[in-house]
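The block underneath contains the structure these notes are about, expressed in structure tokens.
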Amino acid sequence: MGKVQVVPHNPIWRSLFEQEARQISTALGSIAKEIHHIGSTAIPDIYAKPIIDFLVIVKAISAVDKKSSDIALLNYETMGEYGIPGRRYFRKANRDGVRTHHLHAFERDAEPVKRHLLFRDYLIAHPEAAQQYSNLKRKLAKQYPMDSRAYTAGKDKFVKDIVLAAECWQKQQASLDVDVF
């Protein structure tokens, strides 16, 4: 259980992502095919826990295991799958022990990859839904200031509903891209 703190969006999060992504890319070398900024810090104008989330797409997840020591040199703690099969998870904290970064590595076709990117993209394209999510996060942080599990559980239904809406939106977008003769 950890302290739950959500803060207003900080425009510097994007540059912090980019700076750290360069270091991660160097550490992982050619096994890192893509590095995405995910999580609430990637969504403009919403409240977020001030933790930068990285989604690293790799060709083979086993290759990440061989690079764990290189990631550790960037001050990340290696956590293995940490409850999600097919993932490699790393976390980083500042000198005071406050978590600052999460790194999630998956193979391209892993279901969480699609879900994370779709959730992010939907909220960016739908600011009203993003604000609803922001309001929920603020409410839950006040309700569960010292219980990160309850905070996360409180977001579950909303997140699932947004993923369903995002899947419909994605299908609609795909149908708009089809050429009509």
Side-chain angles (χ1 to χ4, degrees), residues 1-24 27 35-56 64 68-106 110-113 115-124 126-163 166:
M1 310 261 196
K3 184 173 189 238
V4 177
Q5 177 188 18
V6 294
V7 299
H9 182 80
N10 187 338
I12 198 169
W13 289 335
R14 180 71 190 168
S15 62
L16 292 174
F17 162 78
E18 291 168 355
Q19 177 185 2
E20 191 78 7
R22 284 190 292 277
Q23 293 180 41
I24 292 167
I35 301 177
H36 296 274
H37 187 186
I38 61 167
S40 295
T41 61
I43 302 164
D45 302 321
I46 72 166
Y47 275 67
K49 291 192 292 182
I51 300 170
I52 308 297
D53 283 288
F54 298 82
L55 174 64
V56 180
V64 177
S68 290
S69 59
D70 295 313
I71 296 296
L73 291 174
L74 299 175
N75 298 314
Y76 282 87
E77 179 183 8
T78 303
M79 305 299 294
E81 287 186 330
Y82 204 66
I84 300 178
R87 171 177 76 164
R88 295 301 179 272
Y89 173 62
F90 303 83
R91 60 189 184 190
K92 183 176 186 174
N94 65 19
R95 290 182 183 145
D96 297 326
V98 175
R99 193 94 38 86
T100 58
H101 300 79
H102 293 158
L103 190 161
H104 311 266
F106 289 98
E111 185 57 37
V113 169
R115 192 174 58 249
H116 281 299
L117 295 176
L118 188 57
F119 183 79
R120 177 201 65 193
D121 293 348
Y122 182 84
L123 289 182
I124 289 171
H126 296 86
E128 68 288 345
Q131 284 308 308
Q132 290 172 357
Y133 187 47
S134 182
N135 293 340
L136 175 62
K137 290 162 68 71
R138 291 175 71 192
K139 176 185 161 209
L140 292 169
K142 286 179 185 171
Q143 189 174 354
Y144 304 109
M146 298 304 291
D147 189 348
S148 59
R149 287 188 183 141
Y151 167 83
T152 300
K155 297 186 307 178
D156 188 62
K157 181 182 179 336
F158 184 89
V159 169
K160 287 178 178 172
D161 289 347
I162 289 295
V163 168

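Under a 3.5 Å cut-off, the side chain of Gln131 and the backbone N or O of Asp45 do form a donor-acceptor pair. In this structure a side-chain-to-backbone donor-acceptor pair under 3.5 Å is present from Asn10 to Ile12. A donor-acceptor pair under 3.5 Å links the side-chain atoms of Thr152 to the main chain of Ser148, judged by distance alone. Ser134 places a side-chain N or O within 3.5 Å of a backbone atom of Tyr47 that can act as its donor or acceptor partner. Using a distance-only test at 3.5 Å, with no hydrogens or angles considered, no donor-acceptor pair links the side chain of His104 to the main chain of Asp53. Within the 3.5 Å criterion, the main-chain N or O of Pro145 finds no donor-acceptor partner in the side chain of Lys3.
Inter-residue side-chain proximity for Asp156 and Lys160 is flagged as met; some heavy-atom pair is nearer than 4.5 Å. Counting only heavy atoms from C-beta outward, the side chains of Ile71 and Thr78 never approach each other to under 4.5 Å. Glu77 places none of its side-chain heavy atoms less than 4.5 Å from the side chain of Phe90.
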- Task: Given ring pair (Phe, Tyr, Trp, His ring centres under 6.0 Å), test Tyr89 with Phe106 step by step and report yes or no.
- Result: CA-CA 9 Å; Tyr89 173 62; Phe106 289 98; 9.9 Å; no
- Would you sort out whether Phe17 and Thr41 count as a side-chain contact (heavy atoms from CB on, under 4.5 Å), showing the intermediate values? CA-CA 9 Å; Phe17 162 78; Thr41 61; over 6 Å; no
- Task: Would you please test Val4 and Asp147 for side-chain contact (heavy atoms from CB on, under 4.5 Å) and show each step?
- Result: CA-CA 7 Å; Val4 177; Asp147 189 348; 5.9 Å; no
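The two residues Ile35 and Ala21 make their nearest non-hydrogen contact at CD1-O, 3.7 Å. Listed here is the closest heavy atom pair of Ile43 and Leu123: CD1-CD1, 3.6 Å. Nearest heavy-atom pair, Leu118 versus Val163, reported as atom, atom and distance to 0.1 Å: CD2-O, 4.5 Å. Closest of all the heavy-atom pairs between Gly154 and Leu136 is O-CD2, 4.1 Å. For the pair Ile46 and Ala130, the tightest heavy-atom approach, listed with the atom from each and the gap, is CG2-O, 3.4 Å. Across Ala27 and Asp70, no two heavy atoms sit closer than the pair O-CB, 3.7 Å.
In this structure, His126 and Tyr122 have parallel ring planes: the angle between them is below the 30° cut-off, well short of the 60° mark. Using bins of under 30°, 30° to 60° and over 60° for the plane-to-plane angle, the ring pair Phe119/Tyr133 lands in the perpendicular bin.
For the 3.5 Å distance criterion, the side chains of Lys137 and Tyr151 qualify, holding a donor opposite an acceptor.
Taken to the nearest 0.5 Å, the NZ atom of Lys92 stands 6.0 Å off from the CG atom of Leu74. One distance of note links CD of Glu111 with CD1 of Ile84; it measures 12.0 Å at 0.5 Å rounding. Here CZ of Phe54 is found 7.0 Å from CG of Leu103. Values are rounded to the nearest 0.5 Å. We find the NE2-CE distance between His102 and Met79 to be 9.5 Å, quoted to the nearest 0.5 Å. Taking CZ from Arg115 and CZ from Arg120, the interatomic distance works out to 14.5 Å, rounded to the nearest 0.5 Å. Rounding to the nearest 0.5 Å gives a distance of 7.0 Å between CG of Leu117 and CD1 of Ile38.
Cation-pi contact between Arg88 and Tyr82: absent, since separation from the ring centre below 6.0 Å together with deviation from the ring axis within 45° is not met.
With respect to Glu81 and Arg87, no salt bridge is recorded, no charged nitrogen being found less than 4.0 Å from a carboxylate O. Look at Arg22 and Glu18 and you find no salt bridge, because none of the NZ, NE, NH1 or NH2 atoms lies under 4.0 Å from a carboxylate O.
By the 6.0 Å contact criterion, NZ on Lys155 is enclosed, its count of non-hydrogen atoms from other residues, nucleotides or ligands being greater than 12.
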